[in-house]
Structures are given as C-alpha cells and as structure tokens.
Amino acid sequence: MWPQAQISPKYFYDQRGSELFEAITRLPEYYPTRTERAILDGQGAAIGRAIGRRRVVIEPGAGSCAKALRLCRLVQATHFVGVDISADYLEGAVARLRTALPGLDARAVGGDITAGIALPAGLPQARRLVFYPGSSIGNFDPPQALQLLRGMHTLAAGEEGALLIGVDLRKDAAVLQAAYDDAAGVTAAFNRNVLTHLNRLIGSDFDPAQWRHEAFFDAHHSRVEMHLAARSPQCVRWPGGERRFAACERIHTENSYKYRLPDFMELLAAAGFRQPQAWLDRRGWYALVHART
Ligand code: AVI
C-alpha cells in the first residue's frame with residue numbers, strides 16, 4: 001500500500017498556474033477576491049482610521065501589487081516592501097507602484113515567507129503594517145497558520161506594529177463547492193496544471209488528461225479539499241522512481257480552510273496579536289481583520 005499521495009499547493013503557481021489563478025479570481029462562483037475588494041472599497045474609511053496614516057507596509061505574496069496600491073493610497077504609506085517567490089514578476093509590479101505613487105519608497109524582495117525573509121536594510125522599525133490579503137492564510141493547516149502568524153508578528157513588531165489580513169469564513173457548503181469547482185472548468189484546469197508543472201520540474205510523465213478534478217467541503221476540518229483522481233489504473237515514472245495509482249486513487253493538492261471568526265481571533269491571540277477588529281461583507285462571507293502587535 002502506498003501512502004496518500006500529496007503535492008504541495010505551492011507548485012500550482014508556475015506562469016500558467018498564476019494566469020489560471022487570475023482567471024479564477026474573475027469567475028462568478030469565486031467570491032473571495034471581489035468580496036474582499038468590496039469590503040476595502042465600501043468600508044475603507046473606517047479601516048483607514050483603524051490602521052492610521054504613514055505606514056510602512058510589508059506584503060508577503062504581493063504578486064501584481066494591485067491590492068497594495070489601494071492600501072498604500074488609503075493609509076498614505078511611506079514605505080512598501082513586496083515579498084514574492086517570483087522576484088522578476090514582483091520587480092515589474094513594484095516599479096509600476098512607484099510610478100503610481102511617486103512619494104512611496106517601494107522595494108521588491110524575492111523570497112518565501114514560510115522560509116523567513118530578510119527585509120531591506122534601513123527599513124523603519126516603527127509603524128509597520130503586515131498586509132496579507134486574499135485569504136491565503138486558509139491554505140495552511142492551523143498549526144502552520146499559527147507559525148506563519150507568529151512570523152508576521154515578528155516582522156511587524158515595533159512601535160504601533162499591526163497586521164491587516166483577509167480571512168475566508170465558513171458558509172454554506174454549496175457556495176464553497178461551486179467556488180472550487182466552477183462551471184467553466186477553470187479551477188479544474190488550475191488543479192491539473194500542477195501535474196504539467198511537476199513534469200517539468202522532476203521529469204515525471206503525468207498525463208493531466210488522465211486525472212479528474214475533485215473539490216468538496218470537509219465540515220469536520222472546516223476546509224475545502226482539492227484532489228486529482230486517477231481516471232484509470234496508471235503508473236507514473238520519473239528519473240529514478242515510479243508510482244502506481246489504482247483507478248479513482250487521489251492525489252491531495254490543496255486545503256482551503258474556512259474559519260469561524262471567533263476561532264480566527266483565537267489564532268491571532270495565540271500568535272501574540274491584540275485588539276483585533278474585523279470588517280465583514282453584508283453576507284458575512286469574508287472578513288478583513290486588523291490587529292496590533
Ligand atoms: C490562493 N488561495 C487563497 C486560493 C484559495 O481560495 O484557497 C487558491 C485557490 N484554489 C482554488 N481556487 C483558488
């Protein structure tokens with residue numbers, strides 16, 4: 001018996017995977033991105049007051065910096081540090097941010113927040129705000145999420161340090177199911193693309209067409225799970241190894257945790273944050289949470 005096969009969700013994001021994820025964020029079924037934007041647009045004045053002005057914004061996983069532009073404008077940020085694994089892509093995005101906000105000292109740092117990051121020398125220690133939008137915290141198991149939040153606490157530590165984080169909340173299973181298994185099949189393509197990426201990385205011979213996308217809400221763990229299920233028995237080979245799969249056997253590719261707000265507040269407190277304040281959309285599907293170090 002083989003152990004349950006797993007691929008880390010970080011392998012979703014090659015060039016094609018990042019494009020597919022962008023397409024997911026525009027799908028009618030995928031509510032998190034537009035809900036978060038609506039909260040920031042509709043309740044921006046209150047959020048801006050809680051955060052305060054002239055902030056040093058640090059954004060792990062900054063990507064295109066589209067959200068950073070809104071936030072930096074809102075809080076009249078003095079400094080911005082975007083952190084992303086894809087350093088080249090980030091450099092371009094940060095350059096556009098500098099053009100849009102000429103007074104902003106904006107820097108790009110290549111790196112993975114889970115591995116710890118080196119901030120630019122001379123970055124002010126006071127008034128740091130770690131910005132972690134997009135509900136990416138949901139892609140970590142709770143113990144990993146706690147560790148990550150502790151790391152963010154360390155990054156923001158100093159006078160008036162704070163965190164602003166997007167959290168996807170628990171809701172009707174049918175809404176979640178549709179968000180992760182859309183009618184147009186974009187999420188299915190995103191899920192299968194991880195195999196193409198892996199083929200390139202390790203020289204394996206996965207045939208993505210032989211794998212079915214599956215997504216479902218596991219109420220016990222309060223998470224959406226994504227899997228790839230073998231359409232038929234098959235053997236996948238790579239230099240120095242092979243793995244046989246029975247028909248319907250699954251590879252677990254992603255978890256996306258959906259929090260109850262009080263549980264998330266507890267996690268924040270365990271990571272050392274205090275005075276949390278949350279802004280929700282009118283359906284109570286999503287929260288933007290601000291907390292102090
Ligand atoms: C990046 N992350 C927050 C997305 C999510 O909703 O968990 C990734 C994703 N997976 C499938 N659709 C979107």
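Numbering of ligands and ligand atoms starts at 1, following listing order. These figures come from a predicted structure and were not determined experimentally.
Taking the six-membered ring for Trp and the full ring otherwise, H221 and Y257 have centroids separated by 6.0 Å or more. Taking the six-membered ring for Trp, F206 and W238 have ring centres at least 6.0 Å apart.
With F245 as the aromatic partner, R243 meets the cation-pi criteria of under 6.0 angstrom to the ring centre and within 45 degrees of the ring axis.
Using bins of under 30°, 30° to 60° and over 60° for the plane-to-plane angle, the ring pair F21/F190 lands in the tilted bin.
A search for ring pair (Phe, Tyr, Trp, His ring centres under 6.0 Å) contacts involving W279 returns nothing, not counting sequence neighbours.
Between N193 and D14 there is a side-chain heavy-atom pair separated by less than 4.5 Å.
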N/O pairs closer than 3.5 Å, ligand 1 and protein:
from	atom 1	to	atom 2	distance (Å)
ligand 1	2 (N)	N139	OD1	2.8
ligand 1	6 (O)	Y30	OH	2.5
ligand 1	6 (O)	Y180	OH	2.5
ligand 1	7 (O)	N139	ND2	2.9
ligand 1	7 (O)	S256	OG	2.7
ligand 1	10 (N)	E254	OE1	2.7
ligand 1	10 (N)	E254	OE2	3.4

